[in-house]
Every structure is written in C-alpha cells, then in structure tokens.
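Accompanying notes for the structure given below.
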Amino acid sequence: MSRRLILGAASVLGLTSTAVADVPVVVADIPPVHSLVAKVMDGVGTPDLLVKPGASPHGYALRPSEAKALDNADVVFWIGEGLEPWLEGSLEALAADAHKIELTEVDGATELPFRESATFEAHDHDHDEHDHEEHAEEEQGDHDHGDHADAEHDHEHEVDHADADHDHHHGHDEDHAKAGHDHDHHGSDPHAWLDPENARVWLTVIAEELAEHDPDNADVYRANAEVGRAELATLIDEISAELDPVRGENFIVFHDAYQYFENRFDISAAGSITLGDATDPSPARIEEVHNKVTELGVTCAFAEPQFNADLLDAVFQGVDAKIGVMDPLGVELELGPDLYPQLIANLSTALTGCLE
C-alpha cells in the first residue's frame with residue numbers, strides 16, 4: 001500500500017530508517033469535501049484535491065499531477081458518480097487499491113431526487129421522505145444535534161468496510177457510467193454537500209475511515225470531527241435565524257444546485273436556468289423560467305463564478321432584477337478546514353443581501 005513516510009533524522013545519516021509517522025495518502029474530489037477531510041486531518045496531514053477551484057465537477061479532465069495523486073492514494077473521498085461520471089473510470093484504473101468512499105451513499109446522509117422542471121413548486125421539506133432509512137427518525141426538524149451524533153456513530157463502519165470499491169453503487173448500467181456529461185436526471189441530486197447536516201454525518205464517517213487506516217492518530221481524527229460537527233450545528237442555527245426575514249421571497253438560481261440548502265433551511269428557489277448538471281438550457285426552458293419570473297415578479301437572480309452569466313439576460317429581459325452570486329464550490333475561498341463553513345455561510349449572506 002502506498003504511504004507518505006516522514007523519516008527521522010537517523011535515515012538521513014544513513015542509519016537504520018524508522019518511520020516516525022505513517023499517515024495515509026488521502027484524496028478528496030472537490031473543495032468542500034477537501035475542506036471536511038482537512039478538518040478531520042488537522043494536525044496530522046493534508047489531503048490532496050482533484051478538481052481545482054474554479055472548475056466544474058460535472059465535467060473535468062484530470063491533470064497528470066491529479067492522476068498521480070489518485071495512483072498514490074490510500075483513501076479517496078468523493079461525492080459520487082451522479083456528480084462526477086467522468087471520475088468513476090479513473091478511480092477504477094488509477095486507485096484500484098485505494099479505499100473509495102462515495103459520500104452520497106453513506107448511511108445517515110439526506111438524499112433528494114433530481115428536479116426535472118425549470119420552475120419549482122414549493123416543497124413541504126419533509127426530510128423523512130428522502131433520507132436513508134437509518135436517518136429518518138433523526139431529521140424531524142428540531143436539530144437535536146446530540147442525539148444525531150450518537151445515531152450517526154452507530155453506522156460509521158457501514159460506509160463500507162465490506163467492499164472498498166462501491167463499483168456498482170447505484171445500479172447504473174455501463175452506458176450511463178461512460179456517458180460523461182449526459183446525466184440520468186431520474187437519480188438523486190448529487191449536490192448533497194450543500195446540506196450542512198450531511199457534512200456533519202460525513203465528518204464522522206471520514207474520521208472513522210481514517211482511524212481505521214491510521215490507528216495511531218485515531219483520537220485526533222475523532223476529536224477534530226466532533227469539533228467540526230459542533231461548529232456546523234451552531235452555524236445551522238445561525239443561518240436559520242438569518243434567513244427568517246426572507247423566507248417566502250422568490251428568486252432564480254443559475255443552475256439547480258441548491259436544493260439541499262433550500263430543503264435544510266426552508267427557503268425555496270422559484271426555478272433554475274440550467275439543470276442540475278449545468279448543461280445548456282433549451283430555448284423552451286429559458287422561456288419557461290422567463291414566464292415564471294414575470295408571473296411572480298421575481299427581482300432577484302443568482303449567477304455563479306464558474307459559469308457564463310449571459311443567460312440571465314435572456315431570462316430577465318425587460319425585468320429590473322438584482323443579480324447576486326452564489327458559489328456552491330467555494331471558488332474564491334482559501335482551501336482548508338475553514339472553506340466549508342464559510343461556503344455555507346456565504347450562501348446565506350448572498351440570499352439575504354439580494355432578497356432583503
């Protein structure tokens with residue numbers, strides 16, 4: 001198994017080499033996941049990042065350095081094939097010996113179906129309907145974080161210590177796996193990291209996975225995860241209060257990435273210009289969103305840093321709209337443990353700034 005070894009001074013002198021630390025080589029797919037892993041590994045090591053800031057994870061070509069990181073990996077944390085169909089083959093080819101954790105398939109994480117239409121009806125935010133079975137009783141809206149933590153700890157080893165690859169996790173056929181950007185929108189919405197309760201679940205999973213690979217630092221991983229979980233619990237409560245004045249207001253998002261955030265905080269977009277995989281919208285879809293904007297008198301829309309915002313002009317033609325920016329990936333944020341909570345906080349700030 002590939003390892004990153006930190007050797008003592010004795011080896012430099014040509015004496016007997018002794019590894020004073022044996023930390024797993026860890027790879028994360030996108031900046032928000034990298035941030036959560038970096039939080040758990042704080043003080044022990046630093047994960048490698050695959051999809052660089054500013055790039056869309058829906059379609060990406062690995063650089064040689066990123067391919068090498070996969071080849072060296074002991075553990076890979078990724079959102080899943082629904083977000084990154086291009087990555088599945090690379091994982092099989094380059095990281096065959098690594099333990100691969102598909103976070104959207106983790107027990108306890110909320111999972112929502114793709115929204116097909118360009119405009120959205122107000123949803124009832126019944127978390128139980130979409131959560132994994134083990135998590136259903138924990139998500140009744142009261143954010144009882146203490147009980148939630150205990151419940152998650154019970155299924156942390158189910159992530160898979162039985163089969164490391166998750167090669168056939170969704171039952172998608174081979175054509176879909178090779179389809180690249182042509183996603184099947186009848187599956188689950190893959191933007192699950194935008195629910196901070198999912199991030200709380202994942203912190204525990206990440207810690208337990210790393211503890212298994214690196215028992216000497218297990219206590220550090222678990223302690224870091226608990227700190228991160230507590231910080232996110234506080235952040236959830238703060239954002240819920242911050243969004244109170246703008247609940248019920250209508251807004252349009254550039255692409256349908258924010259369902260998990262909306263679901264968690266009971267705030268709903270009126271529609272999205274592009275689908276959840278950010279493919280170019282048809283003229284009919286643009287017309288549908290434009291009609292919804294006119295019907296509801298929507299005056300707030302959100303662009304994204306990594307996409308061309310010209311389509312907003314077509315949707316809001318003849319409408320005096322305020323344009324904000326929502327960034328689901330933390331493009332302009334510094335990589336590291338603080339990126340994830342800052343990303344979530346920024347979404348709330350963007351909404352209140354545009355809607356108030």
Next on the checklist: Can you tell me how far apart CD1 (Ile206) and NZ (Lys39) are? Round to the nearest 0.5 Å.
Outcome noted: 12.5 Å
Checklist entry - Can you list the steps and then say if Asn198 with Tyr260 is a side-chain hydrogen bond (donor to acceptor under 3.5 Å, both in side chains)? => result CA-CA 9 Å; Asn198 279 349; Tyr260 286 90; 5.6 Å; no
Item to check | Pro31 side chain reached by Leu333 side chain, heavy atoms, under 4.5 Å | outcome: no
Next on the checklist: Quick check: do Phe77 and Val106 have side-chain heavy atoms less than 4.5 Å from each other?
Outcome noted: no
Item to check | Side-chain (Arg285) to main-chain (Ser272) donor-acceptor, under 3.5 angstrom | outcome: yes
Item to check | Flag side-chain contact, heavy atom, 4.5 Å: Pro53 against Leu329 | outcome: no
Next on the checklist: Determine whether a donor-acceptor pair (N or O, by modelled atom type, separation under 3.5 Å) exists between the side chain of Ser35 and the backbone of Gly336.
Outcome noted: yes
Checklist entry - Is it the case that more than 12 heavy atoms not belonging to Lys68 sit under 6.0 Å from its NZ atom? => result no
Checklist entry - To the nearest 0.5 Å, what is the distance between CG (Asp256) and CG (Asp189)? => result 6.0 Å
Item to check | Flag side-chain contact, heavy atom, 4.5 Å: Leu194 against Leu343 | outcome: yes
Item to check | Closest contact, heavy atoms only, Tyr258 versus Pro328 | outcome: OH-CD, 3.2 Å
Next on the checklist: Looking at every heavy atom in both Ser268 and Phe251, which two are closest together, and how far apart are they?
Outcome noted: O-CE2, 3.4 Å
Checklist entry - Would you call Glu197 and Thr110 a side-chain contact if the rule is heavy atoms closer than 4.5 Å? => result no
Checklist outcome for this item: Heavy-atom closest pair (Ile79 atom, Pro190 atom, distance to 0.1 Å) is CG2-O, 3.2 Å
Checklist outcome for this item: Rounding to 0.5 Å, atoms CG (Leu49) and NE2 (His34) come to a distance of 5.5 Å
Item to check | Interatomic spacing from CG in Leu36 to CG in Leu103 - rounded to 0.5 Å | outcome: 8.0 Å
Checklist entry - Applying the 4.5 Å side-chain criterion to the ILVMFWY set and letting contacts propagate, would Val325 and Phe302 be lumped into a single cluster? => result no
Item to check | Main-chain N/O of Ala269 paired with Glu262 side-chain donor or acceptor, under 3.5 Å | outcome: yes
Checklist entry - In a check of side chain to side chain donor-acceptor pair (under 3.5 Å) between Asp195 and each of Gln259, Arg264, Arg200, which one passes? => result Arg264
Item to check | Note: Glu226-Arg229 ion pair, threshold 4.0 Å (strictly below) | outcome: yes
Checklist entry - What are the two closest heavy atoms between Leu203 and Ala225, and how far apart are they? => result O-CB, 3.5 Å
Next on the checklist: For a 4.5 angstrom cut-off between non-hydrogen side-chain atoms, does Met326 reach Leu351?
Outcome noted: yes
Next on the checklist: In terms of relative ring orientation, are Trp86 and Tyr60 parallel, tilted or perpendicular, with 30° and 60° separating the classes?
Outcome noted: tilted
Checklist outcome for this item: side chain to side chain contact (heavy atoms under 4.5 Å, CB included) test vs Val44 passes for just one of Asn224, Asn217, Val26, namely Asn217
Checklist entry - Under 3.5 Å, side chain of Ser348 to main-chain N/O of Ile344, donor-acceptor pair present? => result no
Item to check | Pairwise distance OG(Ser56) to CG(Leu83) - rounded to 0.5 angstrom | outcome: 7.5 Å
Checklist entry - So, for Pro24 and Met41, which heavy atoms are closest and what is the spacing to 0.1 Å? => result O-CE, 4.3 Å
Item to check | Euclidean distance, Phe265 CZ relative to Ile236 CD1, rounded to 0.5 Å | outcome: 5.5 Å
Item to check | Test log, rule side-chain contact (heavy atoms from CB on, under 4.5 Å), inputs Asp22 and Asp216 | outcome: CA-CA 9 Å; Asp22 193 4; Asp216 289 344; over 6 Å; no
Checklist entry - Would you call the rings of His191 and Trp193 parallel, tilted or perpendicular if under 30° counts as parallel and over 60° as perpendicular? => result tilted
Checklist entry - Hey, is the main chain of Asp214 close enough, under 3.5 Å, to the side chain of Tyr221 for a donor-acceptor pair? => result no
Item to check | Donor-acceptor pair, side chain of Lys292 and main chain of Ile252, under 3.5 angstrom | outcome: no
Checklist entry - Is it true that atom CD of Glu295 has more than 12 heavy atoms of other residues, nucleotides or ligands lying nearer than 6.0 Å? => result yes
Item to check | Geometric class of the His213/His99 ring pair [parallel <30°, tilted 30-60°, perpendicular >60°] | outcome: tilted
Next on the checklist: Do Val27 and Leu70 have side chains that approach each other closer than 4.5 Å (heavy atoms only, starting at C-beta)?
Outcome noted: yes
Item to check | Verdict with reasoning, Cys300 to Glu356, per side-chain contact (heavy atoms from CB on, under 4.5 Å) | outcome: CA-CA 10 Å; Cys300 177; Glu356 282 184 337; over 6 Å; no
Next on the checklist: Show the nearest heavy-atom pair for residues Ala270 and Leu296, with the distance to one decimal.
Outcome noted: CB-CD1, 3.8 Å
Checklist entry - Does a side-chain heavy-atom distance below 4.5 Å link Lys52 with Glu66? => result yes
Checklist entry - Are Leu235 and Val227 connected, step by step, through hydrophobic side chains (Ile, Leu, Val, Met, Phe, Trp, Tyr) whose heavy atoms are closer than 4.5 Å? => result no
